[in-house]
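In what follows, a structure is listed as structure tokens, so that the remarks can point back to it.
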Amino acid sequence: MPDINLIFKIAGVGILISILNMVLKQADKEEQAQMLTLVGVVVVLLLVIQLIQRLFHDVRAVFGL
Amino acid sequence: MDFGVFFGIVLLAVAFLSLLRQTRPELAVLLSVAAGVIIFLRLIGPLQELVRTFEFLAAQAQINLVYLQIVFRVMGVAYLTGFTAQICRDAGEGALALKLEMAGKVIILLLAVPVLVAILETVLRML
């Protein structure tokens with residue numbers, strides 16, 4: 001079930017990023033934490049964009065847009 | 001078509017979303033987008049069968065297929081607009097959602113113009 005894995009992947013990235021941010025905040029490396037948030041968002045965005053591309057392709061095919 | 005799959009995906013997404021909303025709200029928006037898209041991708045199969053049956057029925061009833069294609073196009077645009085507008089609202093962007101819906105309405109009207117012209121012609125021909 002590749003789709004459900006994707007939800008797990010995104011949630012995993014999110015949780016990992018939030019934990020690592022807490023660790024970085026403890027080590028008062030604030031700017032690294034911001035960078036890490038950016039990396040997390042970019043990784044998840046890449047995953048979601050592939051999904052959206054599939055969505056638009058299928059909608060175009062089904063509805064003949 | 002096992003309904004449990006959608007049920008499971010949504011519950012899973014909601015569980016993770018409630019967790020992500022506090023810590024990383026931007027990722028939560030992306031996760032809700034992903035869940036919405038996954039559910040729709042699972043609906044593609046049955047949707048295609050529906051479209052085929054409607055086309056078959058239209059062919060039986062000698063309805064011009066062009067109008068049916070226009071109906072499907074309008075449905076596609078309406079679905080996509082609604083899908084994206086709701087995502088904008090979830091992310092808190094009410095203004096963007098309204099603008100997108102207006103754009104969707106304009107596109108749908110544009111698609112419906114041939115049908116209006118056809119109706120007018122038949123009405124005028126009758127008079």
Side-chain angles (χ1 to χ4, degrees), chain A, chain B residues 5-6 8-52 54-55 65-66 68-81 83-84 87 107 111:
Chain A
M1 300 269 252
D3 299 340
I4 296 187
N5 290 350
L6 204 63
I7 292 190
F8 280 122
K9 230 180 271 180
I10 294 176
V13 167
I15 293 166
L16 190 69
I17 295 292
S18 51
I19 290 169
L20 289 179
N21 265 351
M22 283 175 215
V23 169
L24 281 175
K25 279 198 180 69
Q26 290 308 329
D28 58 55
K29 286 197 167 48
E30 197 52 42
E31 60 285 345
Q32 267 93 4
Q34 301 300 343
M35 287 302 135
L36 193 64
T37 311
L38 215 60
V39 164
V41 169
V42 164
V43 165
V44 171
L45 207 56
L46 285 177
L47 292 172
V48 170
I49 277 179
Q50 285 158 9
L51 255 179
I52 290 176
Q53 194 254 340
R54 263 171 67 191
L55 171 80
F56 275 98
H57 177 266
D58 288 347
V59 165
R60 206 177 282 272
V62 166
F63 292 108
L65 281 172
Chain B
V5 176
F6 306 110
I9 289 178
V10 166
L11 276 183
L12 194 72
V14 164
F16 281 129
L17 275 171
S18 60
L19 186 69
L20 271 179
R21 279 253 184 253
Q22 283 88 23
T23 50
R24 296 258 68 82
E26 65 278 2
L27 292 186
V29 171
L30 289 175
L31 182 59
S32 68
V33 167
V37 169
I38 285 168
I39 288 190
F40 182 78
L41 288 181
R42 282 192 179 276
L43 283 176
I44 290 288
L47 214 60
Q48 241 153 3
E49 276 153 38
L50 270 176
V51 164
R52 235 171 271 122
F54 276 125
E55 270 164 6
L65 270 185
V66 171
L68 200 62
Q69 268 148 14
I70 289 178
V71 168
F72 286 141
R73 276 208 198 102
V74 165
M75 268 166 52
V77 171
Y79 170 73
L80 274 182
T81 319
F83 179 84
T84 323
I87 288 170
I107 291 171
L111 287 173

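Heavy-atom basis, side chains included; hydrogens, waters and symmetry copies ignored. Quick note on labels: first sequence line is chain A, next is B, and so on, each numbered from 1.
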The interface call for B:Leu20 against chain A, heavy-atom contacts under 4.5 Å, is side chain

Heavy-atom distance under 4.5 Å to chain B: side chain of A:Leu45, backbone, both or neither? both

Using the side chain to side chain contact (heavy atoms under 4.5 Å, CB included) rule, take B:Leu80 and A:Leu55 through it: C-alpha gap first, then chi angles, then the decisive distance, then the call. CA-CA 10 Å; B:Leu80 274 182; A:Leu55 171 80; 4.2 Å; yes

Relative to chain A, which of B:Arg24, B:Gln69, B:Met75 shows the most heavy atom pairs under 4.5 Å? B:Arg24

So how far is it from A:Ile7 CD1 to B:Leu12 CG, rounded to the nearest 0.5 Å? 5.5 Å

Okay, A:Val41 and chain B: the region with an atom under 4.5 Å from a heavy atom over there is both

Testing the basics here: between A:Ile10 and B:Ala34, what is the closest heavy-atom pair and its distance to 0.1 Å? CD1-CB, 3.6 Å

Whether over 12 other heavy atoms sit under 6.0 Å from A:Lys29 NZ: no

Non-hydrogen side-chain atoms of A:Leu51 and B:Val33 separated by less than 4.5 Å: no

Ranked by heavy-atom pairs below 4.5 Å to chain A, first place among B:Ile9, B:Val51, B:Leu41 goes to B:Leu41

I need the A:Ile15 CD1 to B:Thr23 OG1 distance, nearest 0.5 Å. 8.0 Å

Can you measure from CG (B:Leu19) to OG (A:Ser18) and round to the nearest 0.5 angstrom? 7.0 Å

Hey, which of A:Val44, A:Thr37, A:Val43 is the one that makes side chain to side chain contact (heavy atoms under 4.5 Å, CB included) with B:Leu27? A:Val44

Just by modelled atom types, is the A:Phe63 backbone N or O under 3.5 Å from a matching donor or acceptor in the B:Arg73 side chain? no

More than 12 non-hydrogen atoms from neighbouring residues, nucleotides or ligands closer than 6.0 Å to CZ on B:Arg21, yes or no? yes

Measuring from atom CG of A:Asp58 to atom CG of B:Leu43, what distance do you get when rounded to the nearest 0.5 angstrom? 11.5 Å

